Amino acid sequence: MEKEEKKVVLDSGIEVKTVYGPQDFLGFDYKEKLGEPGQYPYTRGIQPNMYRGKLWTMRQYAGFGTARETNARFRYLLEQGQMGLSVAFDLPTQIGYDSDHELARGEVGKVGVAVDSLLDMEELFAGIPLDKVSTSMTINAPAAVLLAMYIAVAKKQGIDPQNLSGTIQNDILKEYVARGTYIFPPEPSMRIITDIFAFCKKEVPKWNTISISGYHIREAGSTAVQELAFTLANGIAYVEAAIKAGLTVDEFAPRLSFFFNAHLNFFEEIAKFRAARRIWAKIMKERFGAQNPKSLLLRFHTQTAGCTLTAQQPKVNLLRVAFQALMAVLGGTQSLHTNSYDEALCLPTDESALLALRTQQVIAYEIGVTDTVDPLGGSYYLESLTDALEEKVWEYLQKIDDMGGAVESVKNGFMRREIEKSSYEYQRAIEKGEKTVIGVNRFVIEEEPPRDLLRVNPEIEKVQREKLQKLRANRDNERVEKTLERIREVAQSKDNLIYPILEAVEAYATLGEICGALREVFGEYHQD
Amino acid sequence: MRKIRVLIAKPGLDGHDRGAKVIAQALRDAGMEVIYTGIRQTPEQIAKAAVEEDVDVVGLSCLSGAHNELFPRVVECLKEMGGGDIPVIGGGIIPHEDRAYLKEKGIKAIFGPGSLTADVVKVIQELVWKEG
């Protein structure tokens with residue numbers, strides 16, 4: 001006789017059966033549910049041949065200290081076979097403060113590179129030809145300013161902005177919900193985003209103007225279903241805002257991109273990526289009437305889940321990351337960041353960053369999972385799970401529509417409350433031992449404290465401060481003042497804000513000055 | 001017996017508040033009164049709130065690496081504002097080698113990733129009942 005078995009319920013609330021089979025496939029319509037890869041509804045991938053044609057972009061997120069130090073890490077990673085850059089900015093930069101601002105104390109160069117002006121951006125990309133790499137920048141509230149700086153550096157390198165490729169994260173809604181680096185209230189923030197859409201369509205057409213991000217929603221403690229639902233709801237809000245601002249859907253939709261988390265449950269995550277493509281294609285086709293097939297494609301970057309890494313037995317994180325990266329690849333990601341094993345302790349060292357990159361290379365070149373497209377497609381379990389996730393996501397989307405859309409559900413705190421509830425349940429499950437975390441609640445060992453961690457030089461705050469003083473003394477301050485005045489004027493009008501921001505950047509106005517001018521007009525957002 | 005009152009705060013610019021909120025909820029479940037300040041608080045604001053709210057313990061959370069700068073400043077500000085007897089504990093991504101320094105600066109306990117909320121509850125109870 002078989003032993004009595006435990007009931008298995010995923011964090012999403014989906015109950016897993018003991019075994020799946022043909023009975024779960026009754027009425028399964030291949031064309032409607034899957035379709036060929038590269039065809040509607042794109043469940044099996046956005047390209048007909050996927051990784052046989054082109055591998056995902058190996059894009060490791062990096063940045064710390066000064067522009068000069070980060071430039072050295074970039075060049076190191078490019079030499080080691082990384083394909084695209086991904087810039088981490090420090091918190092003052094992300095919140096629009098210069099390094100000498102009072103609130104920047106202790107934070108300069110810590111979780112990313114400090115960028116105060118075009119001067120820093122020039123150093124950051126020194127010797128890196130911007131028409132040969134694609135660059136992703138994790139920047140949201142001041143995305144317009146950093147994009148302008150990137151364009152200005154390209155122009156100085158003699159490169160036409162029409163030839164630039166890359167991504168700005170530029171997803172403000174998830175900042176209010178999960179990540180906290182907002183500056184302005186939601187309405188002007190949405191206006192800056194649609195201004196960027198319009199500007200890039202004309203001036204930087206190959207640029208991905210937004211990366212609608214579920215990653216941080218998941219890191220904040222959501223379930224897989226919530227990650228998808230809230231991200232896609234935010235996506236709907238951006239599409240609506242752009243249409244309201246006078247753009248047609250096919251003008252900007254092909255340049256929307258997404259960003260998801262690869263968490264711990266292998267099949268749930270793979271199903272999540274596949275469901276995401278199917279749902280978004282339906283939304284774009286049926287709700288927004290997109291005609292261009294490119295408007296229907298959900299292209300996404302994936303990062304392995306930082307929140308699943310443990311400070312205990314940190315090398316075990318190498319295994320977690322490798323499995324998570326595999327989920328992303330089996331889910332059909334376009335670009336991938338693998339976390340370094342020491343990230344629950346500090347920023348990655350050169351050595352741990354290299355191992356993280358090598359993890360992707362092993363998956364890409366050694367284990368055969370790229371040999372065919374969507375190799376798990378048709379698995380009874382995976383397809384059942386994809387359907388179950390999709391159904392739960394539509395329920396959430398309906399709920400958010402009923403309360404007036406994503407902006408409204410951000411303002412009334414709905415998304416935040418849902419995420420808090422899930423994250424607390426997750427922690428309780430660990431503490432009650434219902435969920436195993438190796439090294440934390442099972443298989444615990446006595447450990448020596450880790451050594452050789454990367455430390456950011458505390459002197460760099462002083463270095464940045466002195467650099468700013470020198471900049472302010474040497475530039476044409478009259479010209480700077482004029483460009484800032486122009487920003488204030490345009491902010492009060494309906495004209496596109498990105499043009500005056502680019503002028504200010506080129507006059508070496510600082511990030512803090514530009515965001516300060518916008519703060520004067522738009523005000524600041526504060527969470528209750 | 002009066003309920004233990006705790007202020008949970010996030011000094012600096014870091015917006016990752018999952019840990020702070022989980023701890024706040026766990027302390028409430030353990031029968032404590034918890035005031036959460038929200039993100040982006042200066043050490044001055046945190047100390048002022050702690051004194052005004054007459055809390056028994058202050059819990060700080062920081063993941064950005066600014067803890068060596070910000071945690072000791074909270075302790076200093078508390079002293080200046082007459083709250084020098086309020087014990088301060090901290091959590092977040094805090095390398096082991098910083099812990100001795102933080103303890104020397106008056107931080108009573110440090111909790112890294114993977115800490116159990118039950119341990120935080122226990123440490124707070126010990127701090128309050130021992131001092132009180």
Side-chain angles (χ1 to χ4, degrees), chain A residues 64 90-92 94-95 97 102-112 175-176 178-182 216 219-221 306-307 309-312 342-347 416 419-421 423-424 426-428 430-431 437 439-441 447-451 453-456 458 461 526-528, chain B residues 10-30 36-45 60-74 91-101 110-122:
Chain A
F64 57 93
D90 72 0
L91 286 165
Q94 292 188 48
I95 304 174
Y97 296 123
E102 189 207 342
L103 291 172
R105 274 185 68 179
E107 307 273 20
V108 177
K110 286 282 165 59
V111 298
E175 293 297 333
Y176 303 114
R179 194 166 169 273
T181 63
Y182 42 73
H216 317 93
E219 289 289 295
C307 64
L309 304 186
T310 60
Q312 295 84 349
D342 48 5
E343 284 184 42
L345 303 163
C346 63
L347 289 183
R416 270 169 61 205
I419 296 167
E420 275 164 35
K421 218 170 88 200
S423 85
Y424 191 55
Y426 191 89
Q427 179 66 24
R428 301 241 316 157
I430 292 171
E431 302 206 9
V437 184
V440 171
N441 65 1
E447 292 178 83
E448 285 282 307
R451 273 174 296 211
L453 304 178
L454 182 121
R455 300 198 70 88
V456 175
E461 200 159 315
H526 295 282
Q527 219 149 48
D528 36 271
Chain B
K10 278 193 66 69
L13 300 178
D14 161 44
H16 296 88
D17 56 0
R18 175 178 183 170
K21 283 176 175 165
V22 165
I23 294 290
Q25 187 58 45
L27 299 184
R28 283 187 194 115
D29 283 359
Y36 173 50
T37 62
I39 62 171
R40 288 198 218 167
Q41 300 291 302
T42 63
E44 290 77 10
Q45 288 170 322
L60 304 174
S61 162
C62 177
L63 283 81
S64 70
H67 48 268
N68 279 354
E69 170 94 18
L70 296 172
F71 287 7
R73 277 179 65 208
V74 173
I93 308 268
I94 298 171
H96 216 271
E97 54 204 60
D98 290 350
R99 294 180 185 198
Y101 171 79
I110 301 286
F111 296 93
S115 299
L116 302 179
T117 58
D119 292 338
V120 182
V121 169
K122 209 173 102 199

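Remember, it's a predicted structure, so these values are computed and weren't measured experimentally. Proteins come first, then strands; the chains are lettered A, B, ... in the order of their sequence lines, and each starts at number 1. What's counted below: heavy atoms across the whole structure, side chains too, no hydrogens, waters or symmetry copies.
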Using non-hydrogen atoms only, which part of [X] is less than 4.5 Å away from chain B: side chain, backbone, both, or neither?
X	result
A/L345	backbone
A/A344	both
A/V440	side chain
A/S423	both
A/E175	neither
A/P92	both
A/Y182	both
A/E343	backbone

(message) I need the residue from B/P113, B/G12, B/S115 with the largest number of non-hydrogen atom pairs under 4.5 Å to chain A.
(response) B/P113
(message) Looking at chain A, which one of B/H96, B/H16, B/Q25 has the largest number of heavy-atom pairs inside 4.5 Å, strictly under?
(response) B/Q25
What's the separation between atom [atom1] in [X] and atom [atom2] in [Y], rounded to the nearest 0.5 Å?
X	Y	atom1	atom2	answer
B/L116	A/N441	CG	CG	7.5 Å
B/I39	A/I95	CD1	CD1	7.0 Å
A/K110	B/L13	NZ	CG	11.0 Å
A/R179	B/D14	CZ	CG	10.0 Å

(message) Within the structure provided, determine whether A/R455 and B/P95 are in side-chain contact (heavy-atom separation under 4.5 Å).
(response) yes
(request) Any salt bridge (Lys or Arg N to Asp or Glu O under 4.0 Å) involving residues 61-71 of chain B? Give me the pairs, sequence neighbours left out, ordered by first then second residue. (result) A/R105-B/E69
(request) State, without any angle test, whether B/T117 and A/E431 hold a side-chain donor-acceptor pair at a distance under 3.5 Å. (result) yes
(message) Which one wins on heavy-atom pair count under 4.5 Å against chain B: A/A104, A/C307, A/G106?
(response) A/G106
(message) Please check this pair: side chain of B/R40 against backbone of A/H526, looking for a donor-acceptor N/O pair closer than 3.5 Å.
(response) no
(message) At a 4.5 Å cut-off on heavy atoms, which part of B/D119 comes close to chain A: side chain, backbone, both, or neither?
(response) neither
(request) Kindly give the heavy-atom pair with the smallest separation between A/Y424 and B/D29, and that separation in Å. (result) OH-OD2, 2.6 Å
(request) Name all residues meeting the side chain to side chain contact (heavy atoms under 4.5 Å, CB included) criterion together with B/A66; count only those two or more places apart in sequence or in a different chain, and write none if there are none. (result) A/E107, B/C62, B/S64, B/L70
